[in-house]
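The model shown is predicted, which means the values in this text are computed figures rather than measured ones. Order of listing sets the numbers, starting from 1, for every ligand and every atom in it.
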Amino acid sequence: MPSSTSASPPTTAQAPQAGTLTLENVIYEKKGGIAYVTLNRPKVLNALNTPTWKDLRTAFEDARDDAAIRGVILTGAGDKAFIAGADISELAQVSAVEAEESSRLGQGVLELVENLGKPVIAAVNGYALGGGCETAMACTIRIAADTARFGQPEVKLGLLPGGGGTQRLPRLVGKGRALQLILSGGMISAQEAYRIGLVNEVVAASDLIARAEAILGEISANAPISVRLSLEAVNKGMDAGEGAGFALEASYFGICAATEDKAEGTSAFLQKRQPQFKGR
Ligand code: CAA
């Protein structure tokens with residue numbers, strides 16, 4: 001969906017890149033080095049049931065393993081919802097054991113998203129509630145349409161966030177704000193989400209995908225190994241604590257220094273030209 005002017009799912013006007021997968025509940029297309037992953041259950045506001053989590057896993061595994069893909073844009077079909085959370089009709093039927101399995105499935109997929117080694121932009125085009133807000137939080141960067149709404153309403157259903165929300169939300173917005181959102185189950189606007197640091201930017205809905213593409217374009221111009229190891233240092237460092245994080249950073253700094261791209265990047269700077277990175 002390159003340079004689309006709407007947040008609707010990719011059209012088939014342009015031929016998708018070879019190897020594009022056909023999935024039941026997710027539209028997956030690859031164009032110009034970007035994988036476009038679009039949740040496609042608009043009748044239920046793109047709610048996440050088990051097959052949809054599995055489709056997401058398949059799509060993200062492909063994006064991770066395809067060397068031609070430099071980043072991913074994740075969005076929802078239609079103009080109303082990014083993802084309105086886990087599928088409540090499925091949740092209504094699950095036993096305790098199945099609910100734990102479902103939580104672990106979602107957590108596993110979101111760990112894959114968070115640690116993909118490539119930037120993933122959540123283009124939040126509407127409701128991002130429960131598992132939808134949690135999915136957005138696992139992404140590297142969140143861009144919201146000005147019409148988007150965020151929340152963790154699980155307590156209103158007799159549940160609690162089961163897709164990593166109790167862990168990622170406080171890390172992003174601080175403990176007090178996270179607890180207010182989680183305990184109240186209330187919804188906030190895109191502007192409020194921006195104010196508290198839940199999203200990086202708010203743009204007009206019509207500019208959402210183009211802005212996500214522009215951010216990926218800026219990142220893709222940089223050395224791929226530097227991008228991957230920066231992501232890994234931040235993610236692992238935040239879990240490991242500052243001491244271990246500093247050690248990891250120094251070690252990754254050393255690894256980058258051994259790459260061809262470091263030789264190219266520093267030479268290009270000194271020769272006052274643009275670098276040609278190769279990911280080596
Ligand atoms: N699961 C299943 N179906 C859903 C859904 C969900 N999460 N969210 C919306 N739908 C369905 C509705 O049932 C409705 O279906 P019908 O047309 O067949 O009646 C359709 O989508 C449209 O929704 P509404 O008519 O409710 O639309 P609205 O504009 O009046 O309200 C909304 C929009 C405020 C988002 C409302 O749909 C809503 O509150 N949805 C539920 C949000 C929620 O509680 N999410 C958390 C789920 S639990 C979770 O996510 C656990 C976890 O941590 C992983």
Check whether any side-chain N or O of Asn125 sits under 3.5 Å from a backbone N or O of Gly76 as a donor-acceptor pair, and report yes or no.
->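 Pair found, side chain donor or acceptor close to backbone of Gly76.
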Decide yes or no for Arg142 and Phe82: does some side-chain heavy atom of the first lie under 4.5 Å from some side-chain heavy atom of the second?
->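 No, side chains not in contact.
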Please go through Met238's hydrophobic cluster and name the other residues, only I, L, V, M, F, W, Y counting, with side-chain heavy atoms under 4.5 Å joining them.
->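 Members besides Met238, by chain and number: Val234.
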Assess the side chains of Thr52 and Asp55: does a donor N or O sit below 3.5 Å from an acceptor N or O?
->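 Asp55 and Thr52 do not have a side-chain donor-acceptor pair below 3.5 Å.
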Partner residues of Glu98 under the salt bridge (Lys or Arg N to Asp or Glu O under 4.0 Å) criterion, sequence neighbours left out |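 Partners of Glu98 under the salt bridge (Lys or Arg N to Asp or Glu O under 4.0 Å) test: none.
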Atom pairs and distances, side-chain donor-acceptor, residues 111-119, under 3.5 Å, sequence neighbours left out:
unit_1	atom_1	unit_2	atom_2	d
Glu114	OE1	Arg168	NE	3.1
Glu114	OE1	Arg168	NH2	2.8
Glu114	OE2	Arg168	NE	3.3
Asn115	OD1	Asn235	ND2	3.1
Asn115	ND2	Glu111	O	3.2
Lys118	NZ	Ala63	O	2.7
Lys118	NZ	Arg64	O	3.1
Lys118	NZ	Asp66	O	2.8
Lys118	NZ	Ile69	O	3.0

Can you name the residues that come within less than 4.0 Å of ligand 1, going by heavy atoms only?
->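 Lining ligand 1: Lys43, Val44, Leu45, Ala47, Lys80, Ala84, Gly85, Ala86, Asp87, Ile88, Leu91, Tyr127, Leu129, Gly130, Gly131, Glu134, Pro153, Glu154, Leu157, Pro161, Gly162, Gly163, Met187.
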